[in-house]
There are 2 protein chains.
Amino acid sequence: MKQINIKALAQELNLSVSTISKALRDSYEISDETKHRVLELAAKLNYTPNPYASSLRGKKSRNIAIVIPEVADSFFSQAINGIESVAKGKGYHVLICLTHENYEHEQAILKEFQSGRVDGVLMSVSSETASGGHIQELIAKEVPVVFFDRALNGVAAARIVTDDFQSGYNATAHLIEQGCRNIAFLGVSSQLSISNDRMAGYRKAMEEKGLPFREVYCSSSPEDNHTLVTDLLRQHGRPDGILASVEKLATSVYQACAELQLSMPADVKLVCFSNLGIAAMLYPSLTTVTQPAFEMGKAAAATLLKLLEKKHTDPSGLDMVIPSELIRRGSSL
Amino acid sequence: MKQINIKALAQELNLSVSTISKALRDSYEISDETKHRVLELAAKLNYTPNPYASSLRGKKSRNIAIVIPEVADSFFSQAINGIESVAKGKGYHVLICLTHENYEHEQAILKEFQSGRVDGVLMSVSSETASGGHIQELIAKEVPVVFFDRALNGVAAARIVTDDFQSGYNATAHLIEQGCRNIAFLGVSSQLSISNDRMAGYRKAMEEKGLPFREVYCSSSPEDNHTLVTDLLRQHGRPDGILASVEKLATSVYQACAELQLSMPADVKLVCFSNLGIAAMLYPSLTTVTQPAFEMGKAAAATLLKLLEKKHTDPSGLDMVIPSELIRRGSSL
DNA sequence: GTGAAAGCGCTAACAA
DNA sequence: TTGTTAGCGCTTTCAC
């Protein structure tokens with residue numbers, strides 16, 4: 001790895017390293033002519049600055065991290081695109097870190113960030129995450145954190161979320177309107193904000209009609225979820241409607257219905273929180289609560305960069321709620 | 001960002017920084033007792049080594065990059081998981097870099113890597129990438145590159161691919177067997193290895209039966225693809241079978257069929273290269289060529305790490321072909 | 001078994 | 001306008 005560095009440029013041009021450095025950063029101290037010569041040579045020699053040296057020196061990396069459970073999820077992949085689009089514009093690099101819905105992984109990742117590897121963090125907590133010590137610790141080291149989608153209550157950080165409560169309410173109201181009386185809510189975890197808020201909306205809608213709750217928590221394993229849903233639908237007095245709070249649960253419901261010979265929407269109606277592009281081509285087409293994933297990503301990144309640029313900004317007052325949309329399709333009509 | 005560093009540990013224990021450094025790296029020179037004291041204090045103070053300092057010093061980052069077109073694709077998201085699983089085991093970090101199927105983006109990303117930001121690169125080239133100068137340049141700087149899935153011909157780098165030719169052949173043969181005579185191949189780009197190899201397999205199968213070719217190249221914009229497919233299916237003498245070489249084209253075909261009131265599989269049969277978990281729940285369920293995404297990711301990472309560990313290894317002889325599987329479903333039966 | 005010191009490539013005081 | 005120099009935190013000879 002023979003690297004062209006500032007010193008090499010300096011020698012070639014008979015200038016000092018500091019002049020080169022300043023010229024490259026377009027300092028006002030340097031004459032236009034020198035700048036020009038430097039830039040030209042740098043381009044010719046294909047000079048690329050060593051990011052480790054400047055991060056070490058400058059105590060900032062111009063890296064931000066996205067910490068999410070999984071990349072195989074249409075919400076997260078769209079959100080990543082939104083985040084990237086604003087980070088790139090401001091000259092930041094984006095590190096994608098996957099927790100696989102595992103609390104220990106999440107802890108380890110954030111622990112590492114204490115080293116200064118990244119200047120800030122955008123995160124959606126794992127479904128296992130119940131307490132925020134690891135997040136607090138990072139914030140204590142002055143690494144700003146912004147939650148998007150899945151926030152953790154009790155941690156003082158900006159949060160960019162969708163209107164989970166209202167969406168849960170709307171989705172449930174829709175199922176009731178379509179004739180469901182026995183609606184089950186499939187949650188992800190009793191700690192997760194999104195799960196809880198969506199569930200609260202569900203409860204409110206059910207309560208208003210005097211209907212009974214039924215809440216089931218799924219795991220992170222597709223196999224477990226499959227048996228869970230199958231058991232739910234095999235019961236006597238099985239639900240006639242399901243509100244699934246995350247995308248991956250949709251598959252389990254479709255599969256279970258197929259295996260149990262239940263037909264959607266006649267026997268069971270389904271609404272799922274999902275950003276899947278092919279929701280309309282499922283059989284039956286899937287009614288979704290679709291989140292503004294790209295916008296949420298953009299907003300979260302913009303908020304983080306704001307925090308990064310003027311450190312004094314107070315994280316409160318930065319929260320944002322962007323509404324989701326209920327898209328009615330065959331699975332609930 | 002007040003950071004605990006080696007110096008702080010040294011002061012606390014009345015030892016020199018070099019002793020601390022050696023103790024942390026478990027050097028044989030250091031007594032067990034000292035090691036113990038150091039590790040204990042490090043844990044207590046929550047010490048995290050500064051990765052920039054050690055990368056700068058050691059001239060290696062223990063970072064590897066995944067350069068892919070898009071993360072919203074089930075093949076790539078599964079492959080990422082495979083790569084991560086082996087990289088993590090060897091203490092490497094993974095940077096995911098998105099080209100958005102854009103050649104300039106890809107160039108810029110690789111250019112940056114010349115700085116030593118990563119020790120090695122795993123890549124699937126963008127659909128726009130026709131020549132490999134940027135890749136060659138990186139290899140010239142002794143940054144090893146391993147292609148996975150989408151390789152670029154003419155670049156001397158290891159490649160982990162699936163049996164594209166055979167899969168294309170099998171898929172086409174299957175469509176012919178199901179009665180199709182007028183089969184169109186939807187490619188991504190005339191440069192892309194996967195597209196070409198899959199197409200070659202298609203051609204062979206068609207040739208064997210004396211059937212005519214019809215090849216259409218799609219773009220990276222969903223809207224364009226939609227009109228392209230719609231036009232194709234609106235033609236007089238429209239195809240009665242389609243072999244789509246990448247996942248995202250499936251959506252376009254389903255949509256176009258719906259709009260044109262063509263029924264699958266009666267009017268048009270479809271086979272698509274895809275790793276979508278919900279392929280079975282589409283309407284009609286989608287016949288897929290499913291790639292061993294996770295395995296390919298693992299193999300690619302293992303190959304790269306091999307190259308990283310003993311630099312003398314010759315990239316030839318490292319290639320690998322892992323077969324895909326044709327899963328017959330409703331869209332072609 | 002431990003320590004002193006050089007230096008990775010870059011930036012920013014401070015000098016000239 | 002340009003140059004000298006001192007580190008950023010870490011690893012690694014080489015000396016003790």
What is the distance from [atom1] of [X] to [atom2] of [N], rounded to the nearest Å?
| X | N | atom1 | atom2 | answer |
| --- | --- | --- | --- | --- |
| Ile6(A) | dA12(C) | CD1 | P | 11 Å |
| Leu9(B) | dG3(C) | CG | C1' | 16 Å |
| Arg117(A) | dC10(D) | CZ | C1' | 14 Å |
| Gln114(A) | dG9(D) | CD | P | 16 Å |
| Ile4(A) | dC8(C) | CD1 | C1' | 16 Å |
| Leu56(B) | dC8(C) | CG | P | 9 Å |
| Lys7(B) | dG3(C) | NZ | P | 16 Å |

Enter the distance from [X]:[atom1] to [Y]:[atom2] here, rounded to the nearest 0.5 Å.
| X | Y | atom1 | atom2 | value |
| --- | --- | --- | --- | --- |
| Met296(B) | Phe75(B) | CE | CZ | 4.0 Å |
| Ser124(B) | Glu101(B) | OG | CD | 9.5 Å |
| Thr99(B) | Met123(B) | OG1 | CE | 7.5 Å |

How about Leu98(B) and Ile80(A): do any of their side-chain heavy atoms sit closer than 4.5 Å? yes
Tell me whether Ser21(B) contacts the main-chain N or O of Val17(B) through its side chain, where contact means a donor paired with an acceptor under 3.5 Å. no
Check this for me: does any side-chain nitrogen of one of Lys35(B) and Asp26(B) sit under 4.0 Å from a carboxylate oxygen of the other? yes
Enumerate the residues from residues 13-31 of chain A whose closest heavy atom to DNA chain C is under 4.0 Å, giving them by residue number; use none for an empty result. Ser18(A), Ser21(A), Lys22(A), Arg25(A)
What are the residues of residues 34-54 of chain A, sorted by number, that bring a heavy atom to within less than 4.0 Å of DNA chain C? Tyr47(A), Pro49(A), Asn50(A), Ala53(A), Ser54(A)
Would you list the atom pairs, donor with acceptor, under 3.5 Å between side chains in residues 83-95 of chain B and any protein atom, with sequence neighbours excluded?
residue  : atom : partner   : partner atom : Å
Glu84(B) : OE1  : His100(A) : NE2          : 3.0
Ser85(B) : OG   : Gly82(B)  : O            : 2.7
His93(B) : NE2  : Glu112(A) : OE2          : 2.4

For Leu307(B), the option from Leu318(B), Val143(B), Val145(B) that meets side chain to side chain contact (heavy atoms under 4.5 Å, CB included): Leu318(B)
side-chain contact (heavy atoms from CB on, under 4.5 Å), that's the test. Do Val118(A) and Ile64(A) meet it? Break it down for me. CA-CA 5 Å; Val118(A) 297; Ile64(A) 60 174; 5.6 Å; no
At less than 4.0 Å, is any side-chain N or O atom of Lys60(A) found next to OP1 or OP2 of dC8(D)? Yes or no. no
